Amino acid sequence: MARILITSAIPYINGIKHLGNLVGSQLPADAYARFMRARGNEVMFICATDEHGTPAELAAAKSGQPVDEFCAAMWQVQKDLGDGFRLSFDHFGRSSSARNHKLTQYFAGKLNDAGLIEEVTEKQVYSHADGRFLPDRYIEGTCPNCGYENARGDQCENCTKQLDPTDLINPRSAVTGSTDLEVRETRHLYLRQSQMRQKLEAWIDSKKDWPILTTSIAKKWLNDGDGLRDRGITRDLDWGVPVKDGEQDWPGMEGKVFYVWFDAPIEYIAATAEWADANNKPDADWQRWWRTDMGADDVRYVQFMGKDNVPFHTLSFPATIMGSGEPWKLVDYIKSFNFLNYDGGQFSTSQGRGVFMDQALEILPSDYWRWWLLSHVPENSDSEFTWENFQASVNKDLADVLGNFVSRVTKFCRSKFGEVVPDGGVYGAAEAEVTAEIASRLKAYETHMEAIELRKATTELRAIWVAGNEYLQKAAPWAMFKTDPDTAAATVRFALNLIRLYAVLSQPFIPDASKSMLDAMHVDSADWPDDLTAALAALPAGHTFEVPEVLFAKITDEARAEMEARFAGQV
RNA sequence: GGGCCUGUAGCUCAAUUGGUUAGAGCAGAGCGCUCAUAACGCUUUGGUUGGGGGUUCGAGUCCCUCCAGGCCUACCA
């Protein structure tokens, strides 16, 4: 039994996430966590909301709420949606927690002790109307290069030229439109990542089995220009972790907070501490996941994230961990994902384009989404959601191949033998054959899940479902029953056991349907079939069951057309 | 501008890392079955692997070049 620590990139607080966000970290992490638990491993699966930064403050202001109330409310919304998608976090924390405040300040103190923090005086744009410093991209104006009038302070979207906010002609606040701007001096702390470039590079180079997407992004940042640059880790904001040197005040940093990307990954650790607090457990219980001197030396730590998060997880956070000089657990494997597009374009919050988590659950049960998203997860390149593909995939895989298998077996048994596993007959060549096929496919399924090759895993799982239909067709108990009811009984007994097996194997992807299948079979043990032959004899003759409701109703053409229109967005 | 990724059947994807005749699912065609959600099974059509050039006994895989799409480029997170 192994111990596996799993973290999903923490979703930002400022709104409800769309399916592209979901499939890029939380959902695949959940399938992996469920699989690892099912195999009998000890799993700690952590997620949280990422609550700090300018966008959170602006979103709160827009909603007319104080930022802390806004975040608390949005945390609950995201928590409920996570529950709705059956995301099996051991804890869903908040980066604004007291635990994270303390740990973030602690790490900053350790980094300062190690000489890895530097104070830098820089110039920032202050907006009087907004009453705040504005990040570069919140300044808009006319591009000096191409004349585009809505260029942002970091880059012109029209001509792609990189800009400084002071380059803009007629600069204004992107928030209020105010032109009452002023360039002020302000002091900030920088993490001297450049000091750790070689150490980080050696570490990345040692990770031969990581996805190319992960290592190529890391190497780019390590070697771009003059190499890895130092990074500002503080901001002039109200909402965040106040800058402290461990427990001490930090002279000159009064009124400033740590940069959201400094405190967000530390929340992985803090959220595990929050888990201990929430369950009345001592510190030792979370430390054994994170401190290699306190029991975490045998932990395998796997992170899930979209490609946009890779630099922070391959460089900044490891720099924080390594730089602390303390034995905190470093990540062992980083699974990164490309993006999911929506029907020929990108998901867009501002245009209301695409399907968001709350809407998805209003339309269909979570298993439909989980299955489609995970069987199309963008592992190798960006992938695309279309309603036609969604309908076809869900109807064929879930309703026809799996759902109908459960229907035909249970209903046939009920009509001929009653709702009880029938006695009589013996297994023969057909059963041996399908058992051998499933054994081989099960091994492939396990291998793919262990390697976090989720698409390949869903392909094998589906093939295992198909094997049941092939077997039934060959054994044809409906014909056999007329001449040899005992042999038909044996076939049905075997097929009913296949249903139980499918429930167990499918649980990482479609947990609700899995539960329905187990309930219908009147079993509560979902032990992984390490011994397949034994697993296929789990339901003995005489065991009762009931015919379940239809597991997956089909999506009709009319319903599909309706949804397609509803989510097309304003053009 | 620079870097990286992707391009394989109508669609969504594989191809044991250079090794026989490029494979699956869906869609299409034909046949079978009648237990089942008009579901299932079997058979089958369909490819100049984006274009061109090169290395090699051998290239989807390696190199060069062109085309198309995507991502990143450090103050959004």
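Here is how names work: the chains are called A, B, and so on, in the same order as the sequence lines, proteins then strands, and each is numbered from 1. Just so you know, these numbers come straight off a predicted model, no measurement behind them.
Using a 4.0 Å heavy-atom criterion, one finds that Lys220(A) contacts the bases of the nucleic acid, with or without backbone contacts as well. Lys307(A) comes within 4.0 angstrom of sugar-phosphate atoms only, judged by non-hydrogen atoms across all strands, and of no base. Among the protein residues, Lys416(A) comes within range of no part of the nucleic acid, since none of its heavy atoms lies under 4.0 Å from any strand. Note on Thr386(A): nothing from the nucleic acid sits closer than 4.0 angstrom, heavy atoms only. Among the protein residues, Phe312(A) comes within range of the nucleic acid bases, having at least one heavy atom under 4.0 Å from a base atom. Note on Glu549(A): nothing from the nucleic acid sits closer than 4.0 angstrom, heavy atoms only. Within 4.0 Å (heavy atoms only), Gly53(A) reaches sugar-phosphate atoms of the nucleic acid but no base atom.
The interatomic distance linking Asp382(A) (CG) with A68(B) (P) rounds to 18 Å, in whole Å. Atom pair His313(A):NE2 and C72(B):P shows a separation of 16 Å (rounding to whole Å applied).
Aromatic ring orientation, Phe385(A) versus Phe390(A): tilted (interplanar angle from 30° to 60°). Ring pair His313(A)/Trp261(A) is perpendicular by interplanar angle, where above 60° counts as perpendicular and below 30° as parallel. Below 30°, between 30° and 60°, or above 60°: for His18(A) and Phe347(A) the angle between ring planes is below 30°, a parallel geometry.
Proximity of residues 475-500 of chain A to RNA chain B (heavy atom under 4.0 angstrom from any strand atom) is restricted to Trp478(A).
For the residue pair Trp239(A) and Asp68(A), no side-chain donor N or O sits within less than 3.5 Å of a side-chain acceptor on the partner. Donor-acceptor pairing under 3.5 Å is lacking for the side chains of Asn389(A) and Thr386(A).
If you check distances only, the side chain of Arg408(A) never reaches the base of A39(B) with a donor-acceptor pair under 3.5 Å. Side-chain atoms of Asn404(A) stay outside donor-acceptor range of the base of A39(B), with no qualifying N/O pair under 3.5 Å.
A residue-by-residue look at Asn469(A) and Pro55(A) shows that Asn469(A) has its nearest nucleotide of RNA chain B further toward the 5' end. Between His188(A) and Glu384(A), the residue anchored closer to the 5' end of RNA chain B is Glu384(A), taking for each the nucleotide with the nearest heavy atom.
Annotation: Glu546(A), atom CD; neighbour count of heavy atoms from other residues, nucleotides and ligands within 6.0 Å is above 12.
Here G25(B) sits opposite C11(B) as a Watson-Crick or G-U wobble pair (both hydrogen-bonding atom distances under 3.5 Å). For U55(B), there is no paired base (Watson-Crick or G-U wobble, both distances below 3.5 Å). Base pairing of U49(B): no nucleotide in any strand meets the Watson-Crick or G-U wobble criterion (both distances under 3.5 Å). For C71(B), the paired nucleotide is G3(B), the pair qualifying as Watson-Crick or G-U wobble because both relevant distances are below 3.5 Å. Across the strands present, U37(B) finds no partner; the criterion is a Watson-Crick or G-U wobble pair with both atom distances under 3.5 angstrom.
Checked options Thr458(A), Leu27(A), Leu454(A), Ile452(A); the residue passing with Val377(A) is Leu454(A) (criterion: side chain to side chain contact (heavy atoms under 4.5 Å, CB included)). Tested against Tyr471(A), the residues Trp465(A), Phe494(A), Phe405(A) include a single ring-ring contact (aromatic ring centres under 6.0 Å, His included) partner, Phe494(A).
Between Lys411(A) and U37(B) there is a side-chain polar atom (N or O) within less than 4.0 angstrom of OP1 or OP2.
Nucleotide U17(B) carries a syn base; the chi torsion (O4'-C1'-N9-C4 or O4'-C1'-N1-C2) is within 90° of 0.
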